[in-house]
*Asks:* 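Okay, here's the structure, questions in a sec.
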Amino acid sequence: MKIFESSFGVDSGDRNEMIDITSQVQGVVSKSGIACGDVVVYCPHTTAAITINENADSDVVHDILSTLAELIPHKRAGYRHCEGNSDAHCKSSLIGCSEQVLIKGGKLNLGTWQGIFFCEFDGPRNRKVLVQVRGQ
Ligand code: ZN
């Protein structure tokens, strides 16, 4: 089994934002030369996350972010963390810091409507995404 590691930067432009990184991840998979295996997409930040969801209708992203904002308000009596970004930490843990996608024929084997998103919850910031491709 071959392992190929890479990373790329993501510049968010808003405090809460979902950025489609499918093409960047596919770029790493293509560069790896691995045709069959899987890829792990990992976010090394405590106030951001990685998720897979619909990238065809941008209203889905809007609705996910507005639902998270309603469930986890920016300001809430009871938060203790002094940085004032407790909502971002909560959202990060709720969504999760990685996704795994199967690779078939050198391509991400995603569903028709699926894309991989970097989720920013405390932007704007310069972020990093780690990618590990495994297979043959
Ligand atoms: Zn914090």
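In each ligand, atom 1 is the first atom listed, and ligand 1 is the first ligand listed. The shown structure was predicted, so the numbers you read here are calculated from the model rather than taken from an experiment.
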*Asks:* What's the verdict on side chain to side chain donor-acceptor pair (under 3.5 Å) for His74 and Arg15, showing C-alpha distance, side-chain angles and the deciding distance?
*Replies:* CA-CA 10 Å; His74 185 186; Arg15 183 157 195 274; 3.3 Å; yes

*Asks:* Please collect all salt bridge (charged side-chain N to carboxylate O under 4.0 Å, His left out) contacts where either partner lies in residues 54-79, sequence neighbours excluded, each pair once.
*Replies:*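 Qualifying pairs, neighbours excluded: none.
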
*Asks:* Mind checking whether the Zn ion (ligand 1) has an N, O or S of Asn85 under 2.8 Å?
*Replies:*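 It does; at least one qualifying atom falls short of 2.8 Å.
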
*Asks:* Within Glu83, is some N, O or S atom less than 2.8 Å away from the Zn ion (ligand 1)?
*Replies:*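 True for Glu83.
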
*Asks:* Is the closest side-chain heavy-atom distance between Gln26 and Lys31 below 4.5 Å?
*Replies:*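 No, too far: nothing below the 4.5 Å cut-off.
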
*Asks:* Let me know which of Ile50, Asn53, Thr51 forms a side-chain contact (heavy atoms from CB on, under 4.5 Å) with Ile95.
*Replies:*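 Of all the options given, the one that passes is Thr51.
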
*Asks:* Report the atom name of the nearest N/O/S atom of His89 relative to the Zn ion (ligand 1).
*Replies:*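 In His89, the heteroatom (N, O or S) nearest the Zn ion (ligand 1) is NE2.
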
